[in-house]
Novice: 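My questions will all concern the structure given below.
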Amino acid sequence: MATPAKKSNKTKPSGRPSDHLTDEQLLKMYRTMVLSRKLDERSWVMNRQGRAPFHISGIGHEAIQVAAAETLRPGYDWVYPYYRDLAFILALGMKPVDHLMGLLGKAGDPSSGGIQMPSHFSNAKLRIGSISSPVATQVPIAAGTALACKLKGTDEVTVVCLGEGSTSQGDFHEGLNWAGVHKLPFICIVQNNQYAISVPVEKEMAVKNVADRAKAYGIEGVVVDGNDVLACYDVMVEAVERARSGEGATLVEAKTYRVTPHSSDDDDRTYRSREEVEYWKKRDPILLFEKVLFERGILTEELKQEIEDWAIAEVDKAEEEAVNAPYPDVSEMTKHLYGPMPNWEV
Amino acid sequence: MAIMNNIEALRETLRQEMERDPRIIITGEDVGPRGGVFRATQGLYQQFGENRVIDTPLAELSIVATGIGLALTGYFKPIVEIQFADFIFPAFNQILSEAARMRYRTRSDWTVPLIIRAPYGGGISGGLYHSQSVEAFFAHIPGLYVVAPSTPYDIKGMLRAALMLEDPVLFFEHKKTYRLIKGEVPEEDYVVPIGKAAIRREGDDLTVISYGLAMHDSVKAADMLAAEGISAEVIDLRTIRPLDKETILESVKKTGKVLIVHEDNPTVSVGSEIAAIIGQEAFEYLDGPITRLTPPDVPAVPFSHPLQDAFMLNPEKIAKAMRELAAY
């Protein structure tokens, strides 16, 4: 049955799924967020140094991504990420070097062998679906994958990500409609960063929350603070349980903010104030998570430094490997158009 | 051997293949209890159930997109039906940007073995939006197979062949041939390879290259000309992407004259491509201009009967073009 979109209650004192996360799990999630951040920052540096032609950033989006991955079974559940999902794909098992190979268009880019622009992640072994650049096309495709899992009788869950800007596309509507009609094991995560490049959210939609639209599709809708990793984890646990148990789809709206320009080719000073950006930088998901971890005595200044040093070392290592890796041979350009012709003999 | 029309051959092949391979599922508008508006899936829902013959929302974009998502899992081999080819364009981006490029952009890590069936073509009072020929749009796209079988025998053999491929196939069926064209369909298994044209009629004086309903009209026209002492070879392309260059060039080298006949618009069309290939690779064999015969370059078939008749090709129009070329 359809229910109205509801707010998660992150101040609820007990009984939250995230209360059951072990210290090890929490630190793993924190490490992945830091690693993703350092990798993302390095990508910007490499771009500004003229060594990488293009970068599109996920800075500020790490909380929902890492939280979502923690609730899934990597390589079992199906994930269609979008181009800001660097932390998501790292949390699912891809490596920093995988991203940097793509950033530099190297043959070793496991997503596309240097065919696609950077951050168009794909990894068939991990069941990370490939995306294109026209936005939201992955939503109805993911619905088809969820339908396959349901028809096959598995308990695999399909997750698809997109930004709120992409929710203006018809593909988003059609995908969610299928998810509702077939009660699919499907979770659509909208990372609402409040801008479609330069267009602010109030010029994208008349409703306050993307998740309000869930009601129209007969699926669950939930809004969560996308910078609060534990709140994100809580709503994702619920959504995954709903999907895995055959109770249907969920539209999760993680409210966050894109603290960087849209991409390395954008200049966000032309459309928004520095004060607004600075406000959100104080609400950085990593800072907020650190506060919790410090309060709980899980993180210390020493450990924090250790994790940062580790992350930077990982990124250094990945950068060196990617920089020294070969480009694709030009013969690759005309390969992989079609599979081999079958033997037509019956 | 059973005599069937095109729609019967299609339906029986779908049934046989679904019996053979439990991974095959059909999705589309009205494909379920109704059995399709052209009856292509009649009885299949009743035989295979609602999990294998799935009625969809009226939304072509997501009919194709969910087909892609189904195919990507490897759990199923979807055959999706677009009710009329005219309505395929909401799904164009999904076909172009997703289905066709998935293999290329992932170095074959992900593939989309998906068949998209769509009735096309005019002559059935379908007006602008139930009559279009849309093959050229898709023939332009690397990563797709585009086929247009036009006989019951080929429909069976090519649907089986399409199911053997690991890439997306646009399977275009001329809707006027559904009940008009009848022929023998063997009960036993056979395959008509994708990418192989058929010579429907052998001849020495000129080559006619066509497909679909126009191909049947071309054969009739060739029969008419035979009585006048003009011997025409008629090639049925069957597959539009990839074109069977070998069969085309071999015939043109033999006859020295070529007429390309299709119902689709002439500008930047299948005929344009064939003309370019012949011009580049068989120039020295030509004894006359590479000639195209198509309907006028207007959006699609007008509804009003006299206009529809004026638009559509027929054996007389084709025979006239053949006579002129033969006399060159």
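Lettering of chains follows the sequences in order, A, B, ..., and the numbering in each one begins at 1.
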Novice: With a 3.5 Å cut-off and no angle check, do the side chains of Thr66(B) and Trp178(A) form a donor-acceptor pair?
Specialist: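 No, because no side-chain N or O of Thr66(B) sits under 3.5 Å from a partner of the opposite role on Trp178(A).
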Novice: Give me the contact list for residues 104-116 of chain B versus chain A, heavy atoms only, anything under 4.5 Å, ordered by residue number.
Specialist: Tyr104(B), Arg105(B), Thr106(B), Arg107(B), Ser108(B), Asp109(B), Trp110(B)
Novice: Do Trp344(A) and Val192(B) have side chains that approach each other closer than 4.5 Å (heavy atoms only, starting at C-beta)?
Specialist: no
Novice: Hey, which residues of residues 12-23 of chain B are touching chain A, say heavy atoms under 4.5 Å apart?
Specialist: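 Residues of residues 12-23 of chain B touching chain A at under 4.5 Å: none.
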Novice: What is the distance from atom CG of Leu70(B) to atom CG of Leu147(A), rounded to the nearest 0.5 Å?
Specialist: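 These two atoms lie 5.0 Å from each other.
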Novice: Between Asp109(A) and chain B, with a heavy-atom cut-off of 4.5 Å, which part of the residue counts as in contact: side chain, backbone, both or neither?
Specialist: neither
Novice: For Ile54(B), is it the side chain, the backbone, both, or neither that has a heavy atom closer than 4.5 Å to a heavy atom of chain A?
Specialist: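 Only the side chain of Ile54(B) comes within 4.5 Å of chain A.
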Novice: With a 4.5 angstrom heavy-atom cut-off, is it the side chain or the backbone of His182(A) that approaches chain B, or both, or neither?
Specialist: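 When you check distances to chain B, only side chain atoms of His182(A) fall under 4.5 Å.
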Novice: Relative to chain B, which segment of Leu184(A) carries a heavy atom at a distance below 4.5 Å: side chain, backbone, both, or neither?
Specialist: neither
Novice: Select one option (side chain, backbone, both, neither) describing which atoms of Glu166(B) are under 4.5 Å from chain A's heavy atoms.
Specialist: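 Interface part for Glu166(B): neither.
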Novice: I'd like to verify something: which residue of Lys152(A), Glu332(A), Gln138(A), His336(A) has the highest number of heavy-atom pairs under 4.5 Å with chain B?
Specialist: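 Among the listed options, the one with the most contacts to chain B is His336(A).
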Novice: Let me know if Ile115(A) has heavy atoms under 4.5 Å from chain B in its side chain, its backbone, both or neither.
Specialist: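 Ile115(A) touches chain B through side-chain heavy atoms alone.
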Novice: Which atoms of Glu156(A) are under 4.5 Å from chain B, going by heavy atoms: the side chain, the backbone, both sets, or neither?
Specialist: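 Contact with chain B is through the side chain of Glu156(A) alone.
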Novice: Tell me whether the count of non-hydrogen atoms from other residues, nucleotides or ligands lying under 6.0 Å of CD in Glu246(B) goes above 12.
Specialist: no
Novice: If you define the side chain from C-beta out and look only at heavy atoms, does anything of Glu98(B) sit under 4.5 Å from Ile141(A)?
Specialist: yes
Novice: With a sphere of 6.0 Å drawn around NZ of Lys95(A), does it hold more than 12 non-hydrogen atoms of other residues, nucleotides or ligands?
Specialist: no
Novice: Would you check if the side chain of Tyr338(A) reaches a backbone N or O of Leu165(B) as a donor-acceptor pair within less than 3.5 Å?
Specialist: no
Novice: Name the region of Met333(A), side chain, backbone, both or neither, that has any atom closer than 4.5 Å to a heavy atom of chain B.
Specialist: both
Novice: Taking heavy atoms only and a threshold strictly under 4.5 Å, list by residue number the residues of residues 73-84 of chain A that touch chain B; give 'none' if the list is empty.
Specialist: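 Interface residues of residues 73-84 of chain A: Trp78(A), Tyr80(A).
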Novice: For Asn177(A), is it the side chain, the backbone, both or neither that has a heavy atom under 4.5 Å from a heavy atom of chain B?
Specialist: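 Only the side chain of Asn177(A) comes within 4.5 Å of chain B.
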Novice: Picking from Pro342(A), Pro110(A), Ala148(A), Ser133(A), which has the most non-hydrogen pairs under 4.5 angstrom with chain B?
Specialist: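 Of the options given, most contacts go to Ala148(A).
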Novice: Check whether Ser132(A) gets within reach of chain B through its side chain, its backbone, both or neither, counting any heavy atom under 4.5 Å.
Specialist: both
Novice: Is a side-chain donor or acceptor of Asp167(B) paired with a backbone partner of Gly339(A) at a separation under 3.5 angstrom?
Specialist: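 Yes; at least one donor-acceptor contact below 3.5 Å.
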Novice: Go through the atoms of Ile141(B) and report whether side chain, backbone, both or neither lie under 4.5 Å from a heavy atom of chain A.
Specialist: backbone
Novice: Quick check on the interface: out of Pro193(B), Pro78(B), Ala59(B), Pro142(B), who has the most heavy-atom pairs with chain A under 4.5 Å?
Specialist: Pro193(B)
Novice: Side chain from CB out, backbone as N, CA, C, O: work out which of these in Met164(B) comes under 4.5 Å of a heavy atom of chain A, or both, or neither.
Specialist: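 Looking at Met164(B), backbone and side chain both touch chain A.
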Novice: May I ask you to test the Leu61(B)-Pro140(A) pair for a side-chain heavy-atom distance under 4.5 Å?
Specialist: yes
Novice: Would you check if the side chain of Gln94(B) reaches a backbone N or O of Thr137(A) as a donor-acceptor pair within less than 3.5 Å?
Specialist: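 Yes; judged by distance alone, with no hydrogens or angles, the pair exists.
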Novice: Among the options Gly175(A), Ala146(A), Gly144(A), pick out the one with the most heavy-atom pairs lying under 4.5 Å from chain B.
Specialist: Gly144(A)
Novice: In the structure I gave you, are the side-chain heavy atoms of Pro57(B) and Glu174(A) within less than 4.5 Å of one another anywhere?
Specialist: no
Novice: When heavy-atom pairs shorter than 4.5 Å are enumerated against chain A, which of Arg241(B), Glu188(B), Arg101(B), Arg52(B) gives the highest number?
Specialist: Arg241(B)
Novice: Is Pro340(A) in contact with chain B via its backbone, its side chain, both, or neither, using a 4.5 Å heavy-atom distance?
Specialist: neither
Novice: Measuring from atom CZ of Arg103(B) to atom OG of Ser130(A), what distance do you get when rounded to the nearest 0.5 angstrom?
Specialist: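 One finds 13.0 Å between CZ of Arg103(B) and OG of Ser130(A).
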Novice: Top residue by heavy-atom pair count (under 4.5 Å) with chain A, among Thr73(B), Ile25(B), Leu72(B), Val64(B)?
Specialist: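 Top option by heavy-atom pairs under 4.5 Å: Thr73(B).
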Novice: What's the separation between atom CG in Leu151(A) and atom CZ in Phe76(B), rounded to the nearest 0.5 Å?
Specialist: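 The distance works out to 4.5 Å.
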Novice: Sorted by first residue and then second, give each ring-ring contact (aromatic ring centres under 6.0 Å, His included) pair with at least one member in residues 117-171 of chain A; sequence neighbours left out.
Specialist: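 For residues 117-171 of chain A, and leaving out neighbouring residues, there are no ring-ring contact (aromatic ring centres under 6.0 Å, His included) pairs at all.
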